[in-house]
Undergrad: 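What follows is a single structure, and I will ask about it in a moment.
Because only heavy atoms are used, hydrogens play no part in the values below, and waters and symmetry mates are left out as well, while side chains stay in. Bear in mind that the values here come from a model prediction, so they are computed numbers and not experimental data.
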Amino acid sequence: MSFWKQAILCAVLVVAAAAGWYVYRNHQTSGQESESAGDAGRQRGAGRQNNIPGLIGGGAVNVVTAPVETDTSGDTVTALGTASAVQSVTLFPQVTGIVTKILFKAGDVVNADQPLLTLDDDEEQVAADRARIEYAQARAALDRSQALSKSKTISSVALSEAEMAAQLAENGVRTAEVTASRRVVRAPFAGTVGLTDLSVGDLVTNTTAVTTVEDLTTVRVGFEVPERWAGQITAGQEIVATAQALPGSKFAGKITGIDNHVDATTRTLRLQADLANEKGLLKTGMAIMVSLAFAPDQQLAVPSLAVQWDRKGSFVWKVAEGAARRADVAIVRRQSGIVVVKGEVAQGDSVVVEGLLRLREGAKVTEVNQTPTIVEETPLRPTTGPADESVPAATGGAPASARS
């Protein structure tokens, strides 16, 4: 290779090396400027985060509060029960026979021992008449023997035999009358008669149902309540009941029976209550809604909007000395937009009902007690440019601290 060619090749290599060095230095400077700009952006973002209301170093959160009030409405337990008659019986004949008379119709109110149905009793009446005749004969023989005994013309043995014969004859009459009475079906107590499927001429036995008789002047309702109320229920406690078949109706009654155990499966306690039913509006089998009220006590209530939940349980934010403080509470019951609670609150405390999402423990708050309005939370986005005076303009380079 000639001298000139070697000189030209060396010049080209020098130019290429200079160009590579220039590119390398320029890229390194750009990277440093980008890193400085990133640090500035992060500082600006941190500055904005610290200005979020409710966070440390930020401003106060505007919240709407409500006072913790005392609920004196008391507790009311409602349960669905079934009505039944205090006295109810299905009548059966005591003997087999042919129906000769039906002396009632469905819905009749009958008295105790009133005849409802008769069976054929010809043989029983004949036997009763014979027993009466035999008794009359035995009684007459006893009278003669007693008269003869006064004159000492009859022995004491003959007199005793006459007395025994009279007693046997009297028992015979009673037996015949009892047998004849079993041919009549009577009401065991005063009440209302139900339907019957029998007709005159039917053959019945002691397993044939005649009808039902129920005393509906008082109706008994059986129902169940949760076991948490078991210790507060007492015999004689008053209740109010309504019948689904009688809209608007109300019936007063009292607890008359409390079961001696709680059902281990359903965790409920079975109760019985008696309702006055003088007009006979309630029927056996009706669905009855029972309301059992308990005496009011001092319980704390907060608006339902104030109650929050997390993994530790339910709580509210209460305002103390201008700051938000978490107060753990347990929910007792809910009703009509309020929640009855017990826990770390007292009557008169202010609890937050709006502005909850931005609260943290110890965050400064400003109470704005007006009608709560729903404020849509918008995500924070970084801003650039001279509109934010606390952040240097992008074209002005990084802050002095970043450059250093």
Side-chain angles (χ1 to χ4, degrees), residues 68-89 107 109-112 188-194 212-302 304 330-342 347:
V68 177
E69 299 179 348
T70 302
D71 176 66
T72 58
S73 60
D75 294 325
T76 300
V77 178
T78 59
L80 184 64
T82 302
S84 61
V86 174
Q87 294 187 91
S88 178
V89 66
V109 178
V110 297
N111 298 320
F189 50 81
T192 304
V193 185
T212 58
V213 178
E214 296 181 335
D215 181 6
L216 294 175
T217 55
T218 301
V219 172
R220 179 160 294 165
V221 181
F223 60 99
E224 297 177 350
V225 298
E227 66 172 326
R228 60 172 294 208
W229 306 106
Q232 302 184 44
I233 297 173
T234 58
Q237 191 169 351
E238 295 183 354
I239 67 166
V240 176
T242 58
Q244 294 186 352
L246 303 170
S249 62
K250 286 187 177 181
F251 300 88
K254 294 183 178 180
I255 299 293
T256 56
I258 303 174
D259 206 350
N260 59 356
H261 69 281
V262 173
D263 191 290
T265 302
T266 61
R267 299 299 178 187
T268 55
L269 177 67
R270 182 167 177 78
L271 306 175
Q272 286 183 344
D274 288 351
L275 306 177
N277 187 36
E278 293 85 356
K279 297 181 179 180
L281 298 177
L282 298 177
K283 306 294 183 183
T284 298
M286 277 188 172
I288 306 296
M289 185 64 69
V290 178
S291 296
L292 183 60
F294 295 93
D297 53 4
Q298 298 294 326
Q299 294 180 315
L300 301 177
V302 299
S304 58
I331 297 175
V332 178
R333 71 174 188 278
R334 298 174 178 271
Q335 61 180 45
S336 303
I338 67 171
V339 180
V340 178
V341 299
K342 58 181 179 180
Q347 183 179 1

Undergrad: Enumerate the residue pairs fulfilling ring-ring contact (aromatic ring centres under 6.0 Å, His included) with a member in residues 216-246, sequence neighbours excluded, ordered by first and then second residue.
TA: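 Those involving residues 216-246 are Trp229-Phe294.
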
Undergrad: Looking only at heavy atoms, what is the nearest atom pair of Ile258 and Thr234, with distance?
TA: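 Nearest pair, atom of Ile258 first, then Thr234: CD1-C, 3.8 Å.
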
Undergrad: Per the salt bridge (charged side-chain N to carboxylate O under 4.0 Å, His left out) rule, what does the pair list look like for residues 239-267, sequence neighbours excluded?
TA: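 Sorted pair list comes back empty.
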
Undergrad: Does Glu214 have any side chain to side chain donor-acceptor pair (under 3.5 Å) partners at least two apart in sequence or in another chain, and if so, which?
TA: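 Glu214: side chain to side chain donor-acceptor pair (under 3.5 Å) contacts with Ser88, Thr284.
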
Undergrad: What side-chain hydrogen bond (donor to acceptor under 3.5 Å, both in side chains) pairs are there with at least one residue in residues 77-87, not counting sequence neighbours?
TA: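 Qualifying pairs: Gln87-Asp215.
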
Undergrad: What heavy-atom pair brings Ala287 and Leu80 nearest, and what distance separates the two atoms?
TA: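 Scanning both residues completely, I find the closest heavy atoms to be CB-CD1, 4.1 Å.
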
Undergrad: Taking the side chain as every heavy atom from C-beta outward, state whether Leu269 and Glu227 have any pair of such atoms under 4.5 Å apart.
TA: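 No, side chains not in contact.
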
Undergrad: In sequence, state the C-alpha distance, the side-chain angles, and the governing distance for Leu300 and Gln347, and then conclude on side-chain contact (heavy atoms from CB on, under 4.5 Å).
TA: CA-CA 7 Å; Leu300 301 177; Gln347 183 179 1; 4.1 Å; yes

Undergrad: Determine the minimum heavy-atom distance between Pro226 and Val77, stating which atoms define it.
TA: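 Heavy-atom minimum between the residues: CD-CG1, 4.4 Å.
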
Undergrad: If you compare all heavy atoms of Arg270 against all heavy atoms of Gly222, which two are closest, and at what distance to 0.1 Å?
TA: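 Answer, listing the atom of Arg270 first, then Gly222: NH2-CA, 4.0 Å.
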
Undergrad: What is the minimum heavy-atom distance between Gln232 and Arg228, and which atoms define it?
TA: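 Closest approach of Gln232 to Arg228, heavy atoms only: NE2-O, 4.3 Å.
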
Undergrad: Looking at Val290, Val240, Thr218, Val221, which hits side chain to side chain contact (heavy atoms under 4.5 Å, CB included) with Leu275?
TA: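 With Leu275 as partner, Val290, Val240, Thr218, Val221 yield a single side chain to side chain contact (heavy atoms under 4.5 Å, CB included), made by Val221.
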
Undergrad: Applying side-chain hydrogen bond (donor to acceptor under 3.5 Å, both in side chains), which residue pairs with at least one partner in residues 236-248 are found, sequence neighbours left out?
TA: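 Matches after skipping sequence neighbours: none remain.
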
Undergrad: Distance from Ile331 atom CD1 to Lys342 atom NZ, nearest 0.5 Å?
TA: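 Going from the CD1 atom of Ile331 to the NZ atom of Lys342 covers 12.0 Å.
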
Undergrad: Side-chain contact test, heavy atoms from C-beta onward, threshold under 4.5 Å: evaluate it for Ile288 versus Leu282 and give yes or no.
TA: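 When only atoms from C-beta onward are counted, Leu282 and Ile288 do touch, with a gap below 4.5 Å.
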
Undergrad: Over all heavy atoms of both residues, which pair between Ser249 and Ala243 is shortest? Give the atoms and the distance, please.
TA: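 Smallest interatomic distance, heavy atoms only, reads OG-N, 3.7 Å.
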
Undergrad: Arg220: which residues meet the side chain to side chain donor-acceptor pair (under 3.5 Å) condition with it, sequence neighbours left out?
TA: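 Partners of Arg220 under the side chain to side chain donor-acceptor pair (under 3.5 Å) test: Asp274.
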
Undergrad: With sequence neighbours excluded, what pairs up with Val89 under the side chain to side chain contact (heavy atoms under 4.5 Å, CB included) test?
TA: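 Leu91, Pro188, Phe189, Val213.
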
Undergrad: Using 0.5 Å steps for rounding, measure from the CD1 atom of Ile239 to the OG1 atom of Thr76.
TA: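 Here the rounded value is 13.0 Å.
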
Undergrad: Tell me which pairs pass ring-ring contact (aromatic ring centres under 6.0 Å, His included) where either residue lies in residues 231-287, with sequence neighbours left out.
TA: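 As it turns out, there is no ring-ring contact (aromatic ring centres under 6.0 Å, His included) pair with a partner in residues 231-287 once direct neighbours are skipped.
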
